[in-house]
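Atoms within each ligand, like the ligands themselves, are counted from 1 in listed order.
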Amino acid sequence: MSRRTQFVSYQPKTILNKGQRADHWFWTRYSAYPYTGCQHGCEFCYCRERKYCPRDDPNDFAYVIKAKENAPQLLRRALARVPVDMIFTGDYQPAERKFTLSRQMLEVCCDLGFPVFVLSRSPLVLRDLDLLQAINERSRAVVAFSVIAAPGSPHYERVCQMERLAPPAEKRFAAMEQLAQAGIQTGICFMPILPGLCDDNANLGNVVRWTADHGGQFVLASGLTLADQQRDFFFGVLRERFPDLLGPYKKLYPEGSYAPAGGSWPKIGLRIREFCSQAGIADRMPRPIIPGEKRALNKRVVEALANQVYAMELHREASQRIWAYRKAAWAIEDLEQEIGLVYRTMGLRGLQSIRDVGPGLAAEVEKLLCPSYPISK
Ligand code: SF4
């Protein structure tokens with residue numbers, strides 16, 4: 001029997017989550033969400049983990065939707081007190097038709113000049129295209145769609161069953177095309193790549209091709225994690241509807257593990273990189289820069305270093321080297337001066353004076369600042 005959705009309105013005290021600096025994945029420093037719970041109810045969703053869903057029945061996550069009715073007012077007050085930077089916001093599950101909180105939150109971001117990143121599994125986001133265009137003109141907007149299997153892939157039907165409450169992937173790709181035509185940066189979050197269902201070359205190539213063919217600029221991918229009550233819930237789904245998958249998944253995710261045993265991720269990431277390169281798109285999200293941003297070059301250097309970190313992770317380089325690059329990227333993100341000016345006035349010595357940038361990394365950064373390097377153009 002299908003379960004009825006219960007809506008609960010409430011007034012939280014706070015709305016804005018603040019990071020110390022922008023992350024190297026979606027380039028967001030802040031996040032603010034209008035709802036808890038998600039009617040799309042994807043069976044693989046990590047949000048059923050106890051830390052995100054502290055309820056006795058993890059499937060309440062899909063059927064008890066809490067709307068933060070004062071979210072726009074809280075957001076306006078909170079954003080007025082923090083430096084302008086990218087915010088991860090909006091939630092276009094069906095509840096949005098009833099409460100319109102995502103639209104009201106985008107209006108706040110538009111008024112205050114904050115760039116936004118929206119991740120959606122629904123074309124409902126197109127309802128707010130006018131607002132996204134206004135934000136994009138002033139401070140940049142990026143909309144990514146969640147897709148883990150594309151039509152024509154060998155296990156497409158099975159994946160569709162696991163996300164059957166969400167609009168089909170074809171509709172998400174069509175929405176992506178409209179956003180791209182409107183000049184909004186868009187792409188795919190290919191997360192989570194389900195072992196045995198989404199990680200075959202046919203599906204990896206298909207998702208990348210559908211993205212490129214519909215104006216997407218990037219495919220950002222990561223693997224499946226399973227923890228505590230979400231692991232039990234997902235294994236219950238496999239036991240009931242996909243029993244042939246239960247044994248292999250139990251082997252991949254033994255009790256107490258979070259990521260799959262055997263560390264297959266870098267190989268999959270490298271295959272996606274290859275497909276993206278053939279299709280002429282990126283496997284990283286290009287960093288949006290606010291028009292007129294004074295430290296645009298700093299942000300481009302950080303982006304280039306973060307891309308190197310990702311490449312090193314895919315090639316399983318030594319973690320010490322990876323951390324050195326990551327820490328240098330953080331230090332340059334925090335730098336108050338414009339890095340080009342630091343270099344022009346003090347040369348390599350100036351670069352070495354930046355926290356966590358030693359002689360080796362200063363030479364790397366110098367290459368990025370060289371006039372023939374793409375970020376300097
Ligand atoms: S749309 Fe996203 S948040 Fe909602 S259930 Fe699916 S994976 Fe989870």
Q.
Please evaluate residues I193 and I272 with respect to the criterion side-chain contact (heavy atoms from CB on, under 4.5 Å), reporting the C-alpha separation (whole Å), side-chain torsions for both, the decisive distance (0.1 Å), and the verdict.
A. CA-CA 11 Å; I193 297 185; I272 292 171; 3.6 Å; yes
Q. Are R295 and E336 ion-paired here, with the side-chain N under 4.0 Å from a carboxylate O?
A. no
Q) Are R3 and D57 within salt-bridge range, i.e. N to O under 4.0 Å? A) yes
Centre of [Y]'s six-membered ring, under 6.0 Å away, within 45 degrees of the axis: is that where NZ or CZ of [X] sits?
{"X": "R172", "Y": "F145", "result": "no"}
{"X": "K68", "Y": "Y35", "result": "no"}
{"X": "R158", "Y": "F242", "result": "no"}

(Q) Let me check your reading of the structure: within less than 2.8 Å of atom 8 (Fe) of ligand 1, is there an N/O/S atom from C45? (A) yes
Q: Could you tell me which atoms of ligand 1, counted from 1 in the order shown, lie closer than 4.0 angstrom to a heavy atom of H40?
A: 1 (S)
[atom] [closest protein heavy-atom partner, distance rounded to 0.1 Å]:
{"atom": "atom 2 (Fe) of ligand 1", "answer": "R121 NH1, 3.8 Å"}
{"atom": "atom 4 (Fe) of ligand 1", "answer": "C38 SG, 2.3 Å"}
{"atom": "atom 5 (S) of ligand 1", "answer": "C42 N, 3.2 Å"}

Q.
If the contact criterion is a heavy-atom separation under 4.0 Å, does Y46 count as touching ligand 1?
A. no
Q.
Check for me whether G41 has a heavy atom closer than 4.0 Å to any atom of ligand 1.
A. yes
